[in-house]
Amino acid sequence: MWKKIVKFVKYFTTAMEKIRLFDKTFKLFIPNAEIEKAIDEVAAKINKDNEGCTDIPVILCVLNGSMMFTSALMKRLNFTCELVSIKLSSYAGTTTTGKVQELMGFTSDVTGRRVIVVEDIVDTGNTIVTLAEKLKEHKASEVKICTLLFKPEAYTKDVKLDYVGLSIPNAFIVGYGLDYNEVGRNFEDIYVLDKEDHKLKFYVIFGPPGAGKGTHATAMAERYNLHHISTGELLRKEIAAGTELGRQAKALIEDGRLVPDDVVIRMIGQEFKTVKGVNGFLLDGFPRTIEQARVLDDMLAKIGAELTAVVSIMIPDEVVFDRIRYRATIEGRADDASVEIIQHRIDTYHAQTEPEIAFYQEKGKYHEVSGIGTIEEVRERIFRLVDTF
Ligand code: AP5
Ligand code: MG
């Protein structure tokens, strides 16, 4: 009864959609409930084949990957059996090396005994075939192969697999005992390498005041699972909260000038450290000076990353006026309040921010779309561009 309730609760417990191991992101592939069901079915078949047996078969656990599977399977076996472990390896990183090395010998004599080899995964079959040969050398009377996962597309051998939990496509997976460079074994669900998203992306959304940076950053962040950082928004929050930083920034912002580089650099550094579970970051309003651009490059280099692209939305100065004056009627931002302030922001943009265009063009990172047209039209242009990165 309780077992059933636990199973029911587990089924509806949502697993993590994505996990990150070192430099790679993996997405949910096989939820635990499916794994458990497959193990139930495999165990039922093994129990049926061993019904009434009088010998004591050896369950040979191939370490480390099949440790979790063997443990789950053993609990379901209803005949007398002995557990033996062996360690073989054919993986280095995410590609199979084709080499099979025996790392740890048999801990039991299998002469004249029936052996059920328990594997977490069979792909090319190199490991399992070598092992079957070794067991024959050790005079096992019968060798059966049981694997939780099987990649039929990758299998190159003709040795028959007796018990297969789940057949899967030829992809790199982790979890439920399977690893990426020795980590990830502990997850109870199985995850597959997320090819689109294994490296964090860092975008800058660029453009003059009122170009639509904030508008399109929101849509981009949602579509590409990015954390949107608007330095303008962060500063306005500081002002609203009446912090010391906010008090310093208020006068400068309301005059259309920039706040000091070190203030925004500190804020950005903090955001990079605290945010998890995203595919990357989208910087809106940063960098705004060549100095900030250089600091950003250094910050990314320190974490082994680099800027993916600068997505620039370009509109002429007269459109800046129209857009901001329209927004002033809705949002009431202090720096939208007068023509003088807006003009000052435009001048500041040309003097201090525009030089970044040449800076990023030189690095091949600058990509411009026209900001003229409806919001939907501009968004389409941006998505079409960002889909290529
Ligand atoms: P910040 O908040 O970044 O202001 P900004 O760069 O002037 O840009 P805006 O937020 O005004 O415009 P936006 O491009 O986001 O356009 P939006 O989507 O809202 O910075 C504010 C201040 O903070 C700075 O002046 C500075 O003092 C300080 N600061 C910030 N970062 C700093 C840094 N790194 N270093 C130093 N100081 C810093 O769109 C505008 C309006 O147009 C909206 O109403 C929108 O609905 C509308 N709209 C958008 N697209 C369209 C379209 N295609 N058609 C019609 N309407 C549209
Ligand atoms: Mg904005």
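The analysis underlying the following values was restricted to heavy atoms, covering all of them including side chains, and did not include hydrogens, waters or symmetry mates. Order of listing sets the numbers, starting from 1, for every ligand and every atom in it. Please read these numbers as outputs of a predicted model, since none were measured by experiment. One is the number of the first residue; the rest follow in order along the sequence.
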To the nearest 0.5 Å, atom CD of Glu254 lies from atom CD1 of Ile239 at 6.0 Å
*asked:* Test of understanding: clusters of I, L, V, M, F, W, Y form through side-chain heavy atoms closer than 4.5 Å, transitively. Do Tyr326 and Val319 belong to the same one?
replied: no
TODO: Test Leu21 against Phe187 for side-chain contact (heavy atoms from CB on, under 4.5 Å), laying out the working first.
DONE: CA-CA 12 Å; Leu21 301 171; Phe187 294 99; 4.2 Å; yes
When you check the side-chain N and O atoms of Gln352 and Thr289, is any donor under 3.5 Å from an acceptor?
-> no
Tested for side-chain contact (heavy atoms from CB on, under 4.5 Å) against Arg257, the lone hit among Val259, Asp255, Ile253 is Asp255
Option of least heavy-atom distance to [atom] (set: [options]):
| atom | options | result |
| --- | --- | --- |
| atom 24 (C) of ligand 1 | Glu376, Arg288, Glu331 | Arg288 |
| atom 9 (P) of ligand 1 | Arg327, Arg379, Glu377 | Arg327 |
| atom 13 (P) of ligand 1 | Lys213, Arg323, Arg325 | Lys213 |

Honestly, for Arg345 the part within reach of ligand 1 (heavy atoms, under 4.0 Å) is side chain
For Gly285, the ligand 1 atoms with a heavy-atom partner under 4.0 Å come out as 31 (N), 32 (C), 33 (C), 34 (N)
Arg333 heavy atoms within 4.0 Å reach ligand 1 at atoms 1 (P), 2 (O), 4 (O), 9 (P), 10 (O), 11 (O), 21 (C)
The closest protein heavy-atom partner of atom 16 (O) of ligand 1 is Gly212 N, 3.1 Å
